[in-house]
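Working notes, structure below.
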Number of protein chains: 2
Amino acid sequence: MIAYSLLLKKFKILLKDNALKFTKQRELILKFLYENSGHHTPEEIYILLKKSYPDITIGIATVYRTLTLLEESDIVSSISFGVQGKKYEIGLKKHHDHLICTSCGKIIEFFDETIERQQEKIAKTFNFKMTGHTMKIVGICEACQKNKHQQTEEKL
Amino acid sequence: MIAYSLLLKKFKILLKDNALKFTKQRELILKFLYENSGHHTPEEIYILLKKSYPDITIGIATVYRTLTLLEESDIVSSISFGVQGKKYEIGLKKHHDHLICTSCGKIIEFFDETIERQQEKIAKTFNFKMTGHTMKIVGICEACQKNKHQQTEEKL
DNA sequence: CTGACTGCAAAATCTTTGCAAAGAC
DNA sequence: GTCTTTGCAAAGATTTTGCAGTCAG
């Protein structure tokens, strides 16, 4: 995993190259995602930042704007949950796909060489210039299969 | 492909089994999806039904409610576009995945045995009880690669 | 200084809900 | 008749936008 200082440098260069400014808010959002690996909603990030740094102000709009910027710059990636919005995670890790438990909402990451290769083949078959892909396997995780009584109470 | 009369029968049985009622609105939505293969937004369905059948009334809420019902019953399936909502298609075809063009929005369906098998393997590895999966490959379709000037005007 | 960034509140999207009237069985 | 379904409009949820003040460079 890349060190935070390097990531920060990369981010600053990116901002400079696009005539954008380095602000406390942007840094905090980046730092939050770096320190809290996993998937986070914009609101989650907003609430937790407000709590962690009561001395600085931040608005939900800034969180959305920054996440969009970070995503366009390939620093974070997002995973969509239909109407329930998106979750963001730092995207410096190796590419991976997701297993999602519909009972508890847990997200497990995996990487599979066979699938990666096959996707490229398929894109080629359709003369598609592939720019990305997402794959989600949904189901019930091991823990939830054991706690059967919980499965009906919640729904993702 | 299943005949419409059979599909309708299946739908009626499903309604009866759940003490639900067969209404003109529900039938029209099912029929629309049957006759218009491909992916449709709830609003699209609503607008087109109103236009096609000026003598019956239908509300957008009913479209949403019916689509939810049809999806839960595995008669239609949906594909999510993040904040931009969902699109629905009749789900009687063989399972398939999607290639999505980010330039023109075109959706191409494909089925790949290797990927299907590999997904089952992955689920097994994590002791996941797989209930479904979605895979989207995004990129630029063949036609849009040729019409490069159009690519920057639109965005999915 | 200048132009980008921010928070706020308002607007925009997409979807769901409450309710009284209408309809299925 | 009874209980579900419907359309409507209002409410929700999530995200975006307009704007005036603030801040980075």
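Computed from heavy atoms alone, side chains included, the values below leave out hydrogens, waters and symmetry copies. Note on naming: letters A, B, ... go to the chains in the order of the sequence lines (proteins, then strands), and numbering restarts at 1 for each one.
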Whole Å only: how far is the [atom1] atom of [X] from the [atom2] atom of [N]?
X	N	atom1	atom2	result
B:F11	C:dA24	CZ	P	14 Å
A:L67	C:dC5	CG	C1'	16 Å
A:E27	D:dA24	CD	C1'	14 Å
A:N18	D:dG25	CG	C1'	16 Å
A:D17	D:dG25	CG	C1'	15 Å
A:K87	D:dT14	NZ	C1'	15 Å
A:L69	C:dC5	CG	P	8 Å
A:E71	D:dT15	CD	P	12 Å

- Would you kindly compare B:K50 and B:L15 by the position of their nearest DNA chain D nucleotide and give the one closer to the 5′ end? B:L15

- In terms of the nearest nucleotide of DNA chain D, which residue is placed more toward the 5' end: A:L20 or B:T66? B:T66

- Task: Quick one: list whatever passes side-chain contact (heavy atoms from CB on, under 4.5 Å) with B:A61, sequence neighbours left out.
- Result: B:R65

- Message: Applying side-chain contact (heavy atoms from CB on, under 4.5 Å), can you list everything that pairs with B:S77, at least two apart in sequence or on another chain?
- Response: B:E89

- Message: Taking side chain to side chain donor-acceptor pair (under 3.5 Å) as the definition, give me every residue that meets it alongside A:Q25, ordered by chain and number, with sequence neighbours left out.
- Response: none

- Can you sort out the partners of A:H98 under ring-ring contact (aromatic ring centres under 6.0 Å, His included), two or more places apart, ordered by chain and number? A:H39, A:H96

- For nucleotides 9-16 of chain C, just jot down a letter per nucleotide in 5' to 3' order: B, S or -, based on protein non-hydrogen atoms under 4.0 Å. -----SSB

- Report yes or no: does A:K129 contribute a side-chain atom to a donor-acceptor pair with the main-chain N or O of B:C144 at less than 3.5 Å? no

Using the 3.5 Å cut-off, write out each protein N or O paired with an N or O of nucleotides 20-23 of chain D and the distance between them.
none

- Item | Nearest non-hydrogen partners of A:K136 and A:S80, listed with the distance | NZ-O, 2.7 Å

- Query: Is any side-chain heavy atom of B:N36 closer than 4.5 Å to a side-chain heavy atom of B:L48?
  - Reply: no

- Would you please confirm or rule out a distance under 4.0 Å between OP1 or OP2 of D:dT4 and any side-chain N or O of B:T23? no

- Query: Of the candidate nucleotides D:dT6, D:dG25, C:dT6, which contains the atom at the shortest distance from the side chain of A:F22?
  - Reply: D:dG25

- Item | Euclidean distance, B:L69 CG relative to B:E71 CD, rounded to 0.5 Å | 10.5 Å

- Item | Option passing side chain to side chain donor-acceptor pair (under 3.5 Å) with A:Y46 (candidates A:E44, A:E43, A:K50) | A:K50

